[in-house]
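Notes follow the structure.
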Amino acid sequence: MSESTQTPADETGYSVFDIQDKWLPVWDELRPFASGKAGDTRPKKYVLDMFPYPSGDLHMGHAEAYALGDVVARYWVQKGFNVLHPIGWDAFGLPAENAAIKRGLDPRGWTYDNIEQQRSSMRRYACSFDWDRVIRTCDPIYYRWNQWLFLEFYNKGLAYRKNSMVNWCPSCQTVLANEQVVGGLCERCDSAVTKKALTQWFFKVTEYADRLLDDLDSLEGNWPSKVLTMQRNWIGRSNGADVKFVVEGRDEPVIVYTTRPDTLFGATFMVVAPDSALAAELVSDASLLEGDGNSIQTAFAEYLDGVKKANDIERLATDRPKSGVFLGRYAINPINGERLPIWTADYVLADYGHGAIMAVPAHDQRDLDFARKFGLPVRVVLETGEADPIETGLAAAGDGVLVNSGPLNGLEKAEAINAAITFLSKEGNGEAAKNFRLRDWLISRQRYWGTPIPIIHCDSCGEIPVPADQLPVELPAAEGLDLSPKGTSPLGAATDWVNVPCPKCGAPAKRDTDTMDTFVDSSWYFLRYLSPNSTDVAFDPAEAAAWAPVDQYVGGVTHAILHLLYARFFTKVLFDLGHVNFEEPFTRLLNQGMVLMNGSAMSKSRGNLVRLSDQLDEHGVDAIRLTMAFAGPPEDDIDWADVSPAGSAKFLARAWRLANDVEASRNIGASVSGSGDAAVRKALALFLRDFSANIENFKFNVGVAKVMELVNVVRKAIDGSVGAADPAVHEAVEEIAKALSLFAPYTAEDMWVKLGNQPGVALAGFRVADESLLVENSIVAVVQVDGKLRDKFEVPVDISEDALRQLAFDSALVTRAIGDKTVANVIVRAPKLVNIATK
RNA sequence: GCCCCUAUAACCCAAUGGCAGAGGUAGACGACUUAAAAUCGUUUCAGUGUCGGUUCGAGUCCGACUAGGGGCACCA
């Protein structure tokens with residue numbers, strides 16, 4: 001063991017490193033956190049930490065997350081609950097493959113080695129995990145059920161393949177889900193994401209958009225409001241209308257989505273997305289185009305080319321000037337028969353609504369910018385009191401009364417929206433509609449280290465699901481496969497694996513070579529913990545009924561959208577399929593902050609990396625865990641430069657010495673009589689009352705402070721006239737050990753045994769506060785004059801208002817403060833306070 | 001540009017609308033020690049980012065502003 005601030009020469013004998021070595025093997029025997037004991041009558045509590053990705057050993061971020069999750073889990077154990085607190089590994093994914101490519105390692109071996117290292121670190125870190133329920137998503141016994149779920153989704157029409165423009169990371173050489181593109185950059189490697197037309201697998205998450213949004217209301221108060229807001233924004237529901245515009249020379253009308261059907265009279269042109277099928281079709285026949293058809297086709301082709309080249313970062317820049325091309329075609333406004341020119345511009349997105357809009361420049365900033373650039377007309381149809389948009393360049397976005405709008409004139413905006421929809425519906429020209437910002441979830445990836453998609457492609461039968469009895473479709477060995485990214489799946493080269501007979505007709509067919517997004521794995525793992533080794537079912541419904549949903553989820557806010565949205569989606573699908581009886585997977589959510597160093601995220605390149613293993617070697621496990629809990633509110637970031645693990649270690653030694661002193665006093669046979677010191681008993685009762693509330697409200701830092709307070713009280717008692725042999729002291733130190741078991745399990749266990757107990761402080765159970773000690777006979781009342789404190793004195797708790805008022809006016813200090821001023825008002829809040837207002 | 005969160009002592013942080021300090025760090029002093037460390041004890045330090053409002057009373061509620069952090073951002 002390396003140098004430590006805890007000198008082993010500490011004459012009292014406290015050595016964090018010795019007690020770590022001492023208790024770990026004992027706990028391995030005791031298994032205090034086994035949750036599957038037969039006949040366990042304790043009430044259940046499912047506490048879940050987000051499982052780690054095995055990218056190396058644990059780091060400071062893990063240390064915080066698992067320390068805080070452990071406080072919650074161990075708290076409920078102390079409260080007498082049968083706590084399910086499992087752990088596993090999110091073991092598929094690119095880093096394993098990248099390591100394989102870079103260092104010539106097998107992704108399998110690399111992954112399992114890292115898992116072993118993390119598992120061993122978690123054991124030393126004293127995480128209260130139930131080690132009988134470990135899962136690894138890269139085990140065939142796990143991902144087999146990914147495939148089963150995929151087929152359940154497929155059979156329900158919730159998994160489908162389509163060709164579309166998808167996000168493409170040129171560095172990872174794979175497609176990305178919308179959620180994995182952050183500000184136009186790849187979430188994983190920060191490369192600029194481009195678009196590519198590919199046939200890919202999707203999960204139809206949009207079909208659940210309404211429920212995913214509406215059910216967030218039921219989580220209000222139990223999830224951080226920040227996460228709820230982010231999910232609401234991401235789903236992005238908007239209400240409006242679909243409006244049919246007849247296009248000259250086209251049989252089918254074009255449908256346009258708008259949130260402002262009230263401004264239909266203000267539409268002066270139409271815009272279609274350049275990369276939409278509609279745009280291509282509209283210009284395909286040169287003879288239909290107004291003016292020189294050929295030059296319009298050329299201009300469009302050039303424009304489309306430029307749009308395709310632009311990446312998302314350029315496209316998302318809001319200050320970018322508008323661009324576009326006139327397509328030489330016209331649409332008819334259904335509300336007034338006006339002829340509107342059709343343009344194409346990249347501010348209209350192909351995959352939102354119908355890829356086409358009606359432009360109302362007077363009341364929409366984007367349309368106004370476009371109209372001003374290309375000299376298109378602007379017509380105000382809503383009197384908002386704002387200046388003329390043509391003059392100011394600012395669209396009139398406010399509310400008001402309709403003008404220039406035929407039958408809608410005089411109506412308020414809200415009324416006009418309804419009236420317009422009614423009018424359109426009657427004519428068959430439109431209807432109310434809603435749209436979502438959320439897109440379907442692209443789940444196929446062109447990489448090796450993932451779950452194979454269980455579909456076989458047959459020339460004559462098409463897509464055929466792999467029959468259930470042939471699952472799992474196991475990944476072929478990586479050996480001999482070129483894993484380097486090249487835009488197509490490495491699995492395509494595993495010819496023995498790829499070529500299979502069609503399950504339906506027996507003709508030669510090929511397996512789908514893509515693998516699933518790893519977010520599929522993590523969308524249901526909380527259910528797999530309930531029957532982690534089952535080969536018959538993904539999860540046992542009886543176990544699910546007994547344990548699920550998760551009562552308390554703990555993890556980083558980085559997953560606020562991705563993982564949490566997908567897991568919610570899966571849960572709702574599983575509910576609809578009759579596999580679970582709840583619709584929200586995580587009843588309560590705690591997001592812990594990050595661990596920083598000197599104000600910024602730790603990283604090797606910044607040179608501010610703090611290694612967890614160094615910290616553990618220097619201060620011991622308990623001190624680091626305690627530091628994490630004590631640093632501040634759990635959702636706040638911890639700056640490691642601001643905290644003092646040495647201070648935590650010092651406190652733990654101080655607490656430990658209390659137990660040591662009590663033990664010593666017992667050994668010398670000090671006589672014990674009575675129920676012990678009243679002041680210590682009262683301090684203990686106060687502590688018991690406050691501590692539980694603090695932990696349940698995630699105020700771990702305050703909870704720790706309460707333990708420190710009690711330690712200080714007991715220290716004084718021992719050093720003073722009360723002494724270490726006092727029964728109240730003994731009792732208080734036992735409670736300190738139990739409370740500390742949430743934060744510093746080694747120290748707590750050692751204290752507990754020193755006090756004469758069998759090992760197992762984690763299961764000891766908190767004492768109940770003695771209510772009779774909390775009843776106060778007297779209280780200090782304060783007297784304010786004009787809000788300023790002037791006197792205070794002790795009064796009986798049941799003092800009457802009149803008596804207290806009298807006492808206040810009897811006070812010389814008070815009368816002096818009043819002086820010659822007139823008393824205007826006297827507020828009496830018996831027994832605590834009197835406030836005398838003067839004028 | 002829009003929305004949300006935060007602002008208390010040198011530092012990290014507490015405080016059901018009722019005495020601004022629970023706890024810790026750092027500092028100072030003392031005890032113990034030949035000395036130092038450790039330990040124990042004592043102790044300094046703010047009127048709560050700014051301005052205004054509600055109230056008998058505001059760190060706490062309301063409004064505006066400043067600073068920091070986060071989210072969303074051509075979604076029709």
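Keep in mind that what you see is a predicted model, and the values were worked out from it rather than measured.
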Atom pairs, N/O to N/O, protein against nucleotides 66-72 of chain B, distance under 3.5 Å?
| residue | atom | partner | partner atom | Å |
| --- | --- | --- | --- | --- |
| B/G70 | O2' | A/K226 | NZ | 3.4 |
| B/C72 | O3' | A/R437 | NH2 | 3.4 |

N/O to N/O distances under 3.5 Å, protein versus nucleotides 10-12 of chain B:
| residue | atom | partner | partner atom | Å |
| --- | --- | --- | --- | --- |
| B/C12 | O2' | A/A631 | O | 3.2 |

Detail all sub-3.5 Å separations between protein N/O atoms and N/O atoms belonging to nucleotides 6-8 of chain B.
none

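Of the N and O atoms on the side chains of A/N835 and A/R829, not one donor lies less than 3.5 Å from an acceptor on the other residue. Side-chain contact annotation: A/S648 with A/T627, donor-acceptor N/O pair under 3.5 Å present. If you check the side chains of A/Q615 and A/W640, you find a donor sitting under 3.5 Å from an acceptor. Using modelled atom types and a 3.5 Å distance limit, the side chains of A/D440 and A/T206 yield a donor-acceptor pair.
Aromatic ring orientation, A/W343 versus A/F374: tilted (interplanar angle from 30° to 60°). In this pair, A/W656 and A/Y14 present their aromatic rings tilted. The plane angle is within the 30 to 60° band. In this structure, A/F370 and A/Y347 have tilted ring planes: the angle between them lies in the 30° to 60° band.
At a cut-off of 3.5 angstrom, counting only N and O atoms as typed in the model, there is a donor on one side and an acceptor on the other between the side-chain of A/K832 and the base of B/U16.
Nucleic acid contact for A/D351: none, since no nucleic acid atom lies under 4.0 Å from a heavy atom of the residue. Note on A/A837: only backbone sugar-phosphate atoms sit closer than 4.0 angstrom, heavy atoms only; bases stay farther off. Residue contacts shown for A/R439 include a base, since a base heavy atom lies under 4.0 Å away.
B/U66 sits 38 Å from B/G23 when the P atoms are compared, rounded to a whole Å. Separation of the P atoms belonging to B/A58 and B/U50 is 15 Å when rounded to the nearest angstrom. Between B/C74 and B/A15, the two C1' atoms lie 47 Å apart (nearest whole Å). Using atom C1' as the reference point in both B/U42 and B/U6, the two lie 36 Å apart (nearest Å). Straight-line distance between the C1' atoms of B/C13 and B/G18: roughly 23 Å, to the nearest whole Å. Atom C1' of B/G69 sits at a distance of 24 Å from the matching atom of B/C62, rounded to the whole Å.
Contacts between residues 694-704 of chain A and RNA chain B, defined by a heavy-atom separation under 4.0 Å, are made by A/K699, A/N701.
Smallest separation of non-hydrogen atoms from A/L368 and A/P361: CB-O, 3.1 Å. Summarising the geometry of A/V381 relative to A/H363, their closest heavy-atom pair is N-NE2, 3.0 Å, with the distance given to 0.1 Å. Closest heavy-atom contact between A/P261 and A/A420: O-CB, 3.5 Å.
Nearest-nucleotide positions on RNA chain B for A/A350 and A/N825 put A/N825 closer to the 5' end. For A/I827 and A/N712, each mapped to the nucleotide of RNA chain B holding its nearest heavy atom, the one lying further toward the 5' end belongs to A/N712.
For A/S323, the side-chain hydrogen bond (donor to acceptor under 3.5 Å, both in side chains) partners two or more places apart in sequence, or in a different chain, are A/Y303.
Checked against B/G23, B/G18, B/C19, the side chain of A/R829 finds its nearest nucleotide in B/G18.
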Indicate for each nucleotide in nucleotides 57-64 of chain B, in 5' to 3' sequence, whether protein heavy atoms under 4.0 Å reach the base (B), only the sugar-phosphate (S), or nothing (-). S-------

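Salt-bridge check for A/R805 with A/D802: passed, with a basic side-chain N closer than 4.0 Å to an acidic carboxylate O. A salt bridge links A/D399 with A/K413: the closest approach of a Lys/Arg side-chain nitrogen to an acidic carboxylate oxygen falls below 4.0 angstrom. Using a cutoff of 4.0 Å between basic side-chain nitrogens and carboxylate oxygens, A/D367 and A/K322 are not scored as salt-bridged. Classification of A/R260 and A/D364 as a salt-bridged pair fails, no side-chain N sitting under 4.0 Å from a carboxylate O. The pair A/R715-A/E709 fails the salt-bridge criterion, with no side-chain N (NZ, NE, NH1 or NH2) lying under 4.0 Å from an Asp/Glu carboxylate O.
Glycosidic conformation of B/G47: syn, with the torsion inside 90° of 0.
Checked against A/V785 for a side chain to side chain contact (heavy atoms under 4.5 Å, CB included), the options A/D791, A/V814, A/V823 give a single hit: A/V814.
Within the 4.0 Å cut-off from OP1 or OP2 of B/G41, at least one side-chain nitrogen or oxygen of A/R654 is found. For the pair A/K650 and B/U25, the criterion of a side-chain N or O lying under 4.0 Å from OP1 or OP2 is met.
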